[in-house]
Amino acid sequence: MNITSIHTNHKLPSNTIPGLYFADRDGNPRWIWSAASKKPIFLQFFQAITWKQRFFVALIRMVFMLRLQRIVFTPIPLGVDHITKGNNWAVFTGTPGPNRKQVIINEKGTITKIADGEMAASNLYNEAYFLRHLQTGKQRFSFVTPQLIRQDERALTMEKLPNRGTWGQFNRRHVAALQELRASEQVEAKVGDWQEWENIHTKISHLRNCKHAKIPDSLPQNLLHLVALEDMEPTITYGLAHGDFTPWNTLRLDNDQLGIIDWELARQGMPTGFDFFHFHVQKGILVERKPWRKIYAELQALLTPEVRTALFGTPQVEVDRYLRLYLMYHLSYYLSLYQDQPVWHQQIYWQLEVWTNAITALTPAKDQRKALLTRLFEVLSTNAYAVLKMEHDNPQALPANSDLDVLIDKEIADSIIGRLKKFPHLIHFKVVKKSFMATLFLVLKDGQVLNIDLIWKLKRKATVFMPTGRMIKNACRNSHGVSVVSPKDTQQYLQLFYGLNGASVPAKFGNLETSTRIAPDLPDNKGLQGIGNQLGYFWDTFRTVTLGRGVVLTFSGVDGAGKSTVIDRVATMLDKQFRRPVKVLRHRPSVLPILSAYRYGKKGAEQKSIASLPRTGDNTSLLSSLARFGYYSLDYLLGQWYIHLRYVLRGYVVIYDRYYYDFMIDARRSNIQLPSWITAAGFWLLKKPEFNFFLFAHPDTILARKQELTRDTIVSLTQGYHSLFEQCDQSYSSGVFINVENVVLEDTLTLVRTTLLNHYR
């Protein structure tokens with residue numbers, strides 16, 4: 001058995017005492033203490049903040065109370081020295097990295113820190129300097145710091161502050177302490193005069209020139225971009241910062257005073273607010289596991305005018321500027337440490353995730369979609385995956401309407417979804433999960449959209465037609481480092497996908513013949529897996545019918561209002577951006593043919609209808625009008641259920657170019673002469689479409705587009721539609737009724753798009 005000293009990793013020949021230890025996540029000793037100790041002294045290193053941590057403390061105390069520690073904890077032989085005399089001591093072995101130190105609490109109530117390396121020794125020297133500086137200065141503080149006992153070359157001994165743990169949450173005592181630190185050495189100077197700029201640039205340059213496999217390339221690049229964009233002219237305040245102001249370094253003393261320990265990273269001339277940001281960022285990441293979005297929201301909520309005045313000296317302060325300066329220093333410092341650290345603990349990965357999103361959120365993005373694509377492929381890069389049919393080697397060059405099909409393991413897909421949800425520029429994030437894939441619909445603050453399919457099985461109904469595992473294994477890297485499906489597998493996929501769906505391969509993929517021959521030996525289609533595929537298909541169908549239903553849109557307006565142009569653009573948007581199948585209907589469901597079809601035939605009736613101008617019918621008979629209206633009303637009554645079953649339940653977006661509203665406002669267009677109350681009565685029997693848009697414009701604008709109606713007719717019909725839509729908006733809460741002045745096409749499309757996004761989010 002190896003014999004380990006609490007000071008060194010060297011083997012010792014003899015004279016050992018029994019010890020116990022609590023391991024870290026990697027299985028290495030984190031806290032070590034004498035096996036004969038009857039109290040969990042090592043818990044003094046651990047400040048419980050969350051209920052889980054408090055439960056952990058209670059559990060440890062129970063173990064010691066029942067004298068079960070030799071059974072629960074791992075034994076370790078320890079070399080004998082002056083530290084291990086007696087039983088009431090404990091050692092914290094330190095966090096791996098250049099700043100690592102061992103911390104020892106002994107029965108005399110003192111704490112000794114022993115540096116493992118040169119940087120840690122320098123930090124201890126810095127702590128001793130600031131403890132003396134605070135305790136011998138003229139200013140008296142409301143908080144308490146440990147008294148120094150002894151300083152050696154690589155060790156520091158100080159008194160232990162008797163405490164009752166920590167408050168965990170930021171409170172008035174923390175505010176008072178930071179206000180006092182700011183006031184003690186506050187100076188004002190330009191941003192460009194900050195003493196740390198040279199160090200920040202040096203560290204970022206080192207990060208970019210000596211890349212680390214685990215640090216995303218975009219993080220140093222975006223950090224440098226954030227630095228480059230910073231305005232150096234404004235005047236800000238600087239002061240003394242603790243440097244590691246966190247819940248575990250701010251103690252609740254026995255008299256309810258605030259005790260602040262671990263001054264190793266303290267620095268003068270730091271932007272004010274540094275410690276406030278550090279407290280919440282570190283707590284949010286390491287304790288609460290919050291994404292950047294929630295951490296930032298918490299910061300904003302806490303920064304009341306009173307707190308701003310205390311921290312910055314004035315309530316009128318650009319907080320984001322100070323936050324950016326904090327992140328520039330904090331990230332460049334710690335990334336440079338992690339770059340030279342061979343072994344990483346899990347907390348580093350947590351921090352990288354939040355830091356990446358923080359920099360992205362605080363840096364003005366020229367193209368948020370490109371930033372999201374960069375983030376996506378950074379997340380994918382640490383996993384096995386393959387992209388299908390990628391339109392461009394460079395993800396940054398993908399067309400605005402392009403989507404991504406990614407082959408990936410199901411468990412990894414769940415992780416990808418969780419990480420993408422934290423992207424800071426997102427306003428909508430919708431996930432539709434099926435038995436074989438997850439469809440992601442992401443909408444960004446600048447209005448751009450990205451659709452991603454994460455696929456773990458390639459299926460046509462209940463049949464797997466290609467093995468994704470083999471395709472991922474055969475994938476190759478393109479010129480931009482993206483893992484893409486091999487050309488051979490891509491060709492086979494295209495032939496099978498389009499063949500099984502009864503379609504031809506699009507010309508853009510080359511002259512490929514379709515195929516319906518699936519490999520007979522695919523294990524995914526046999527035995528229990530085959531049964532599972534069948535059950536999955538039924539479940540997917542059920543979920544589509546119940547949760548993935550489509551919607552009905554109607555566009556109304558007089559001739560010349562621009563309906564056809566808007567409908568064409570909306571249909572394209574729904575297909576390319578929303579990835580929803582679209583069915584466009586003209587006026588009616590048309591389960592019953594147009595009346596003139598009985599006389600002229602379907603084709604002849606359509607040609608006659610196209611050739612006729614609107615509102616030119618000569619019908620004046622009440623009986624004929626009632627018959628016509630009854631016929632077309634029956635078409636709507638029956639057709640609404642046909643459309644619902646055939647399209648809406650299958651996820652289609654059904655677009656009506658005109659709708660039943662024409663009978664209520666412009667029945668003459670259908671050669672019907674009836675009182676409006678009769679035509680309006682039939683509306684009560686119909687399902688109300690989810691989205692209804694009435695397009696209108698100034699009469700002169702409409703006449704410039706089409707001269708099919710008189711000016712008076714345009715004015716009269718427009719007023720009628722306006723009134724009808726206002727009444728419907730008040731009466732039918734299940735539907736949206738919007739009057740849209742369609743003058744600038746892009747403005748109209750933006751309004752329609754925003755309305756639909758509120759539904760799909």
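When reading the values below, keep in mind they use all heavy atoms of this one structure, side chains included, and skip hydrogens, waters and symmetry mates.
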Is there a donor-acceptor pair under 3.5 Å between the side chain of [X] and the backbone N or O of [Y]?
| X | Y | answer |
| --- | --- | --- |
| T363 | T360 | no |
| Q368 | K445 | yes |
| Q577 | N401 | no |
| D540 | S435 | yes |
| Q448 | L444 | no |
| D409 | E411 | yes |
| Q396 | K370 | yes |
| T356 | L219 | no |
| Q495 | L512 | no |
| R650 | L645 | no |

- Query: Can you check salt bridge (charged side-chain N to carboxylate O under 4.0 Å, His left out) on K290 and E298, steps first, answer last?
  - Reply: CA-CA 10 Å; K290 291 180 179 177; E298 181 179 304; 2.6 Å; yes
State which residues pass side-chain hydrogen bond (donor to acceptor under 3.5 Å, both in side chains) with [X]; sequence neighbours excluded, sorted by chain then number.
| X | result |
| --- | --- |
| D657 | none |
| K433 | D414 |
| N357 | none |

Minimum heavy-atom distance [X]-[Y], with the two atoms named:
| X | Y | answer |
| --- | --- | --- |
| P29 | T93 | O-OG1, 2.8 Å |
| L522 | P467 | CD2-CD, 3.9 Å |
| W684 | K688 | O-NZ, 3.8 Å |
| I643 | P589 | CG1-CB, 4.1 Å |
| D217 | K211 | OD1-CD, 3.7 Å |
| L685 | Q640 | O-NE2, 3.4 Å |

Derivation and outcome, side-chain contact (heavy atoms from CB on, under 4.5 Å), residues L458 and M471: CA-CA 11 Å; L458 289 170; M471 296 170 73; 3.4 Å; yes
Q) Which of parallel (below 30°), tilted (30 to 60°) and perpendicular (above 60°) describes Y636 and H587? A)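 Perpendicular, since the angle between the ring planes exceeds 60°.
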Parallel, tilted or perpendicular, judged at 30° and 60°: which one describes the rings of F465 and F497?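 Aromatic pair F465/F497 classed tilted.
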### Task
Start with the C-alpha gap between M390 and V482, add the side-chain angles, then the distance that decides, and say whether side-chain contact (heavy atoms from CB on, under 4.5 Å) holds.
CA-CA 10 Å; M390 191 162 170; V482 177; 3.7 Å; yes
- Message: As a quick check of understanding, evaluate side-chain contact (heavy atoms from CB on, under 4.5 Å) for F73 and V63, giving each step before the final call.
- Response: CA-CA 10 Å; F73 301 110; V63 168; 3.9 Å; yes
Should the pair E746-R753 be classified as a salt bridge under the 4.0 Å nitrogen-to-oxygen rule?
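So E746 does not pair with R753 through a salt bridge.
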task: Walk me through it: do Y537 and F436 pass the test ring pair (Phe, Tyr, Trp, His ring centres under 6.0 Å)?
output: CA-CA 9 Å; Y537 172 64; F436 61 100; 9.2 Å; no
More than 12 non-hydrogen atoms from neighbouring residues, nucleotides or ligands closer than 6.0 Å to OH on Y732, yes or no?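 Yes, OH of Y732 has more than 12 neighbouring heavy atoms, counting only those of other groups under 6.0 Å.
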Q) Got a sec: does the CG of L59 have more than 12 other heavy atoms crowding it under 6.0 Å? A)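 Enclosed.
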Give, for atom [atom1] of [X] and atom [atom2] of [Y], the distance between the pair rounded to the nearest 0.5 Å.
| X | Y | atom1 | atom2 | value |
| --- | --- | --- | --- | --- |
| L286 | Q282 | CG | CD | 5.0 Å |
| Y647 | I655 | OH | CD1 | 13.0 Å |
| Y660 | S633 | OH | OG | 4.0 Å |
| F441 | K430 | CZ | NZ | 8.5 Å |
| L376 | R369 | CG | CZ | 10.5 Å |
| H345 | Y338 | NE2 | OH | 5.0 Å |

List in chain and number order the residues that pass ring pair (Phe, Tyr, Trp, His ring centres under 6.0 Å) with [X], two or more places apart in sequence or in another chain; answer none if no residue qualifies.
| X | result |
| --- | --- |
| F423 | H425 |
| F737 | F725 |
| H644 | none |
| W344 | H212, Y349 |

With sequence neighbours excluded, what pairs up with W31 under the side chain to side chain contact (heavy atoms under 4.5 Å, CB included) test?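 F22, W33, F42, F45, F46, F56, F92.
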For residues 472-489, which residue pairs pass the salt bridge (Lys or Arg N to Asp or Glu O under 4.0 Å) check, not counting sequence neighbours?
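Passing the test, one end in residues 472-489: R470-D489.
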Please say which of T490, L407, N478 ends up in a side-chain contact (heavy atoms from CB on, under 4.5 Å) with V484.
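Going through T490, L407, N478 one by one, the side-chain contact (heavy atoms from CB on, under 4.5 Å) with V484 is satisfied by N478 alone.
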#### Entry: E353 and its salt bridge (Lys or Arg N to Asp or Glu O under 4.0 Å) partner, picked from R375, R289, K422
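The salt bridge (Lys or Arg N to Asp or Glu O under 4.0 Å) with E353 is passed solely by R375 among R375, R289, K422.
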Inset, instruction - Just do the side-chain contact (heavy atoms from CB on, under 4.5 Å) check on I215 and W355 with the steps written out, would you? - result: CA-CA 11 Å; I215 298 177; W355 291 349; over 6 Å; no
Side chains of [X] and [Y]: does their closest heavy-atom pair fall under 4.5 Å?
| X | Y | result |
| --- | --- | --- |
| I416 | L380 | yes |
| V566 | F555 | yes |
| I567 | Y656 | no |

Could you work out, with salt bridge (charged side-chain N to carboxylate O under 4.0 Å, His left out) as the rule, every residue matching D453, not counting sequence neighbours?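 Salt bridge (charged side-chain N to carboxylate O under 4.0 Å, His left out) check on D453 returns R579.
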Inset, instruction - Mind checking salt bridge (charged side-chain N to carboxylate O under 4.0 Å, His left out) for K583 and listing every partner two or more places apart, or none if nothing turns up? - result: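 Counting only residues at least two positions away or on another chain, K583 forms no salt bridge (charged side-chain N to carboxylate O under 4.0 Å, His left out).
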Check your understanding: Do Q300 and Y296 get their side chains close enough for a donor-acceptor pair, meaning under 3.5 Å?
Key ->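 Note: Q300 and Y296 side chains meet the donor-acceptor criterion.
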| field | N692 side chain to T554 side chain, donor-acceptor N/O pair below 3.5 angstrom | value |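 Yes - a donor-acceptor pair under 3.5 Å links their side chains.
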### Residue pairs, two or more places apart or on separate chains, that pass side-chain hydrogen bond (donor to acceptor under 3.5 Å, both in side chains) and touch residues 507-518
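Found none.
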